[in-house]
Every structure is written in structure tokens, then in C-alpha cells.
Protein chains: 2
Amino acid sequence: MSVDEQRRPARVKRLPREVRERQILDAAVRVFSQHGYHNASMDEISDVAGVSKPMIYAYLGHKEDLFAACIRREASLLMDAIASGVRAESPPDMQLWHGLRAFFEFVASQRESWKVLHRQATSQGGPFSEELLAMRSRAINLVDALLVRSATSRGLGETATKATEALAAALVGAGESLADWWLDHPDVPEKVVASWLMNLVWMGLGDLVDGAVWTPTPEAAPE
Amino acid sequence: MSVDEQRRPARVKRLPREVRERQILDAAVRVFSQHGYHNASMDEISDVAGVSKPMIYAYLGHKEDLFAACIRREASLLMDAIASGVRAESPPDMQLWHGLRAFFEFVASQRESWKVLHRQATSQGGPFSEELLAMRSRAINLVDALLVRSATSRGLGETATKATEALAAALVGAGESLADWWLDHPDVPEKVVASWLMNLVWMGLGDLVDGAVWTPTPEAAPE
DNA sequence: CCCGTAGCCTACTCGCGAGTAGGTAAAACG
DNA sequence: CGTTTTACCTACTCGCGAGTAGGCTACGGG
């Protein structure tokens with residue numbers, strides 16, 4: 001084989017635009033998750049994607065647009081994963097349990113995705129922080145609605161909106177923090193981590209230090 | 001008064017180095033909290049501090065060093081505030097309660113400080129993320145030790161280290177997330193927000209949706 | 001087979017901001 | 001009062017990386 005043929009071709013094989021966009025997004029998620037928005041370079045994303053920078057600009061726009069597209073895609077995947085895990089007709093503790101399970105399963109299998117979504121969660125300004133806030137608001141609203149339904153179905157007057165919203169924000173924060181902790185302790189099984197969080201937020205520490213434990217109620221379909 | 005005298009003097013009044021350092025740090029905390037590390041400029045910090053850039057470089061070092069110094073100072077203030085609120089001889093629920101109170105009081109009174117500490121919590125690399133991680137680890141260890149003491153004082157075998165450490169991480173995350181929520185809802189009294197978090201993590205949602213509520217035990221010194 | 005379209009590239013510009021060269025001068029000391 | 005020390009400044013350099021000018025060519029359709 002001649003020297004010329006041994007080199008990477010000067011041009012890559014042509015692909016339909018949507019296929020190439022997906023490849024670029026895959027590369028961008030990887031680089032943004034490793035380095036964060038500011039420290040990631042368009043040159044590096046280009047290298048990882050295997051296309052030139054003008055291609056990226058033509059298809060996905062400027063760096064901010066590219067990052068927003070990443071957030072949008074990964075947030076959608078996460079919300080889909082959670083929504084597919086929860087059944088509306090289950091008791092509230094089991095709904096929360098399944099939501100947490102789906103969340104931690106997503107974190108385990110989509111670590112880069114999670115890093116992009118969460119690492120930039122408190123980043124300053126720009127369209128991507130709005131995307132992240134929107135995603136987080138959806139998560140908080142999901143939990144808020146669950147708490148309100150739980151409280152009203154037990155015959156209690158509707159709890160103040162702010163209280164359940166605040167509790168939902170705290171719960172989402174606990175989940176995020178525990179997910180980060182878990183990435184540093186991957187030896188702990190996913191179900192165990194989800195169970196710890198469930199026990200904390202459902203049972204509470206008061207009951208936990210007394211030795212009481214929450215466990216999932218058996219369901220018809222074994223897991 | 002002539003035009004020249006109306007202008008800001010070309011040189012500011014000389015001050016001892018330590019006084020000037022404090023002024024520079026105050027300015028830096030403000031600018032970093034508003035814009036984040038990358039979007040904050042040394043020019044803007046210089047403007048806010050009222051000294052030239054060479055002064056900042058001479059006293060605090062490069063941008064990263066300056067930011068690390070900010071984190072170190074604000075983290076120390078936060079940990080001092082929490083440590084001063086907690087009494088080791090109190091029952092564990094009251095220790096946690098006082099720690100949360102001190103934390104939210106700090107957030108309320110030092111909003112810029114909190115933003116610098118928390119906004120950059122997931123930033124990529126560099127000395128400042130190590131400072132933040134160290135601070136966060138101290139907070140997690142504080143809660144972890146409380147949980148371990150609680151469990152062992154109730155006659156239970158020492159809970160697995162990982163479980164309490166994971167729960168502590170979740171609790172710290174819940175506190176951070178709730179603090180951010182509260183900055184957007186400043187009309188809610190500090191004591192109420194602390195009480196909501198206390199109820200979530202001590203009582204648990206299971207008891208809360210049943211209408212049970214945790215309240216602080218009365219103490220000798222009224223608050 | 002030729003032409004047009006869309007996928008794709010290299011080499012380069014330009015603006016931004018961290019950081020510094022080269023100096024001034026206020027204040028303290030002898 | 002002169003000298004020294006330390007606080008302080010303006011004007012500037014330089015590197016980096018986002019983004020683009022100007023073009024090539026693979027492939028499909030007529």
C-alpha cells in the first residue's frame with residue numbers, strides 16, 4: 001500500500017446531513033462532558049467527530065448553539081427514561097421509587113450525558129443554562145405534582161404550593177448530588193443507591209436511625 | 001473646581017497590602033458571583049476594586065489563584081457559620097436543625113458568597129474545583145458523622161460507612177438545591193425553609209403526606 | 001456523460017482578554 | 001531634606017480559539 005493510501009483520506013465519505021449531525025452531537029457531548037463548555041474547543045470537537053469545523057458551523061451553528069443542542073438532546077433522553085419508568089396508577093411511593101430507579105439507570109448507562117447535563121447546571125447565562133433550567137423545572141414539577149396528589153388523596157387539604165415545590169427542589173438536588181457521589185463509587189449497585197435515596201426522602205432520617213426501613217411493595221410483574 | 005480635580009485621581013490612596021487584598025477579594029467575589037469564573041474579566045474586577053490589574057497580579061496572582069483565594073475565604077466563612085450554630089451535646093435532630101438554620105442564615109446574608117461557592121461547584125478542573133470539593137467533603141463528613149453517632153447511640157450496629165456517606169451527600173445536595181430555590185423565592189422566611197428541609201430529611205415524605213410534622217424540641221434559651 | 005447540488009475542506013483572520021514591560025510617586029526612614 | 005522602599009499605574013504584547021473566505025468534489029439526476 002502506498003504512503004498516500006496509508007494516510008487518512010483528506011475527505012471523509014459523504015453522509016446524509018442528519019446522520020452527520022448525530023455524529024457531531026455524539027462527539028460534542030463527549031468533549032463537553034470531559035471539559036465543560038468553556039474549556040472544550042471547537043477544534044477538539046471537530047477532531048473527535050472526524051469532520052471539519054465549517055461543517056459543524058454549517059449544521060449546528062456557533063459553539064453556544066451546539067452546546068444547547070447537546071443539552072436539549074440529552075435532557076430529552078433523560079426525561080423519556082424517567083417517564084417510561086413511572087406508572088401513573090401506582091401508589092405514590094412506588095411512583096417515586098420507579099422514577100428514581102429510571103433516573104439512576106440513566107446515570108449509570110449515560111455517564112457522559114449526565115455529566116453534560118449536571119456539570120453545567122449552575123453555569124452562568126446563555127441559552128444553555130435556560131435549557132438546563134427548563135429541564136430541571138420539569139423534573140421539579142413532576143415531583144411536585146406527585147406530592148400534591150399524594151397529599152390530596154390522603155384527605156388532607158391541598159398543601160401550600162410553595163412547600164411541595166420547595167420539597168421537590170430539595171429532592172431533585174438530593175438525587176443529583178447522590179448521582180455524582182455514585183459516579184465516584186461505581187461498585188455500589190444501582191438498586192442499592194436508589195433504595196438509600198428512597199429511604200431518606202420517604203422514611204426520613206428519624207425513622208432510619210430507629211432501624212425502620214422502606215422497601216418496595218411487591219408487584220405483579222417481577223423485576 | 002477644575003475639570004481635572006473632578007476626575008478620579010490617576011492614583012488611589014496608598015493602603016497597607018492586607019487592606020488592599022481584602023478589597024480586591026471583595027470585588028472578585030462580587031464579579032465572580034455575577035458572571036462565573038470564565039465570563040468574569042480581570043479588567044472588570046480591577047474596575048470594581050478600584051486598583052489596576054498589575055496590583056491584583058502582584059498581590060493575589062493569576063486569575064485562577066484569585067478565584068481559589070475567593071473560594072477559600074468564602075468556604076471558611078460558611079463552615080464557621082455552620083460550626084458556630086451546632087452544639088455537640090444536643091440530640092441529633094436538633095443538631096441537624098441548628099446546622100440547617102445556620103446554613104440558610106448564611107445563604108440569606110451572604111448571597112454573593114453562596115453564588116460563588118455553589119455556582120462553580122461542578123466546574124471543570126483547576127485548583128478551585130479542588131477547594132470546592134474539599135469544602136463539600138467537609139460538609140458531607142459533618143453530616144455523615146452525625147448520622148453514624150445517631151445510629152450507634154440508638155443501639156444499632158454501625159451502619160455501613162457508604163450508606164451514611166451517601167445519605168449525607170444526598171442531604172447536602174438537597175440543601176444546596178433548596179438554597180438556590182429560596183434565592184428565587186426570598187419572601188419565604190428562612191425558618192420556614194429550614195423547617196421544610198428538616199421535615200423532608202428527618203420525617204420523610206411518607207410521614208409528611210400522612211400529615212405528621214416534625215418541629216424543634218423547646219430549648220432552654222428561647223430563639 | 002454532463003451539470004447542479006450539497007457535503008466537505010484548508011488556510012486564514014480577528015477580537016478578546018490574560019498578563020507584563022517599563023515606569024511613577026507616596027510615604028517612611030535616616 | 002534626600003534616599004529608599006513599596007504601592008501603584010498606563011500602554012502594550014501575545015496567544016488562543018471562535019469563526020469564515022474561498023474553494024473542491026462526490027454523487028445523483030436528467
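FYI, side chains are in, hydrogens and waters are out, and symmetry mates aren't considered; it's all heavy atoms of this structure. Everything numeric in this text was worked out from a predicted model, so none of it was measured. Convention: sequence-line order gives letters A, B, ...; per-chain numbering from 1.
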Engineer: Let me check something: any side-chain donor-acceptor pairs from residues 67-81 of chain A under 3.5 Å, sequence neighbours excluded? List them with distances.
Structural biologist:
| unit_1 | atom_1 | unit_2 | atom_2 | d |
| --- | --- | --- | --- | --- |
| A/Arg72 | NE | A/Glu131 | OE2 | 3.1 |
| A/Arg72 | NH2 | A/Glu131 | OE2 | 3.1 |
| A/Arg73 | NH1 | A/Asp26 | OD1 | 3.0 |
| A/Arg73 | NH2 | A/Asp26 | OD1 | 2.9 |
| A/Glu74 | OE1 | A/Ser113 | OG | 2.7 |

Engineer: Between atom CE in A/Met55 and atom C1' in C/dC8, what is the gap in whole Å?
Structural biologist: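 It is 6 Å, rounded to the nearest whole Å.
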Engineer: Are any of the side-chain heavy atoms of A/Ser177 and B/Arg136 separated by less than 4.5 Å?
Structural biologist: yes
Engineer: Side-chain polar contacts of residues 102-112 of chain A - donor-acceptor pairs under 3.5 angstrom, sequence neighbours left out - could you list them?
Structural biologist:
| unit_1 | atom_1 | unit_2 | atom_2 | d |
| --- | --- | --- | --- | --- |
| A/Ser109 | OG | A/Glu105 | O | 3.0 |
| A/Ser109 | OG | A/Phe106 | O | 3.4 |
| A/Arg111 | NE | A/Ala108 | O | 3.3 |
| A/Glu112 | OE2 | A/Arg30 | NE | 3.4 |

Engineer: Would you tabulate the nitrogen or oxygen pairs shorter than 3.5 Å linking the protein to nucleotides 23-29 of chain D?
Structural biologist:
| unit_1 | atom_1 | unit_2 | atom_2 | d |
| --- | --- | --- | --- | --- |
| D/dG23 | N2 | A/Arg11 | NH2 | 3.2 |
| D/dC24 | O2 | A/Arg11 | NH2 | 2.8 |
| D/dA26 | N3 | A/Arg14 | NH1 | 2.8 |

Engineer: For DNA chain D, what residues of residues 16-26 of chain B have any heavy atom nearer than 4.0 Å?
Structural biologist: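 The answer is B/Arg17, B/Arg20.
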Engineer: Taking B/Ile140's backbone N and O only, do any of them form a donor-acceptor pair with B/Asp144's side chain (distance below 3.5 Å, no angle check)?
Structural biologist: no
Engineer: How does protein contact run along nucleotides 12-22 of chain D, one letter per nucleotide 5' to 3', with B for base contact, S for sugar-phosphate only, - for none, heavy atoms under 4.0 Å?
Structural biologist: ------BBBB-
Engineer: Any heavy-atom pair between the side chains of B/Met198 and B/Arg101 that's under 4.5 Å?
Structural biologist: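 No; the side chains remain at least 4.5 Å from each other.
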Engineer: Going by ring pair (Phe, Tyr, Trp, His ring centres under 6.0 Å), name the residues that satisfy it together with B/His62, two or more places apart in sequence or in a different chain.
Structural biologist: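 Applying ring pair (Phe, Tyr, Trp, His ring centres under 6.0 Å) to B/His62 gives none.
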Engineer: Which atoms form the tightest heavy-atom contact between B/Ala194 and B/Leu100, and what is the distance?
Structural biologist: O-CD1, 4.2 Å
Engineer: Does a donor on one side chain and an acceptor on the other come within less than 3.5 Å for A/Trp181 and B/Glu165?
Structural biologist: yes
Engineer: For the residue pair B/Trp97 and B/Ser90, establish whether any side-chain heavy-atom pair is separated by less than 4.5 Å.
Structural biologist: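 Not in contact.
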Engineer: Is A/Arg17 salt-bridged to A/Glu21, going by a charged N under 4.0 Å from an acidic O?
Structural biologist: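 Answer for the salt bridge query: yes.
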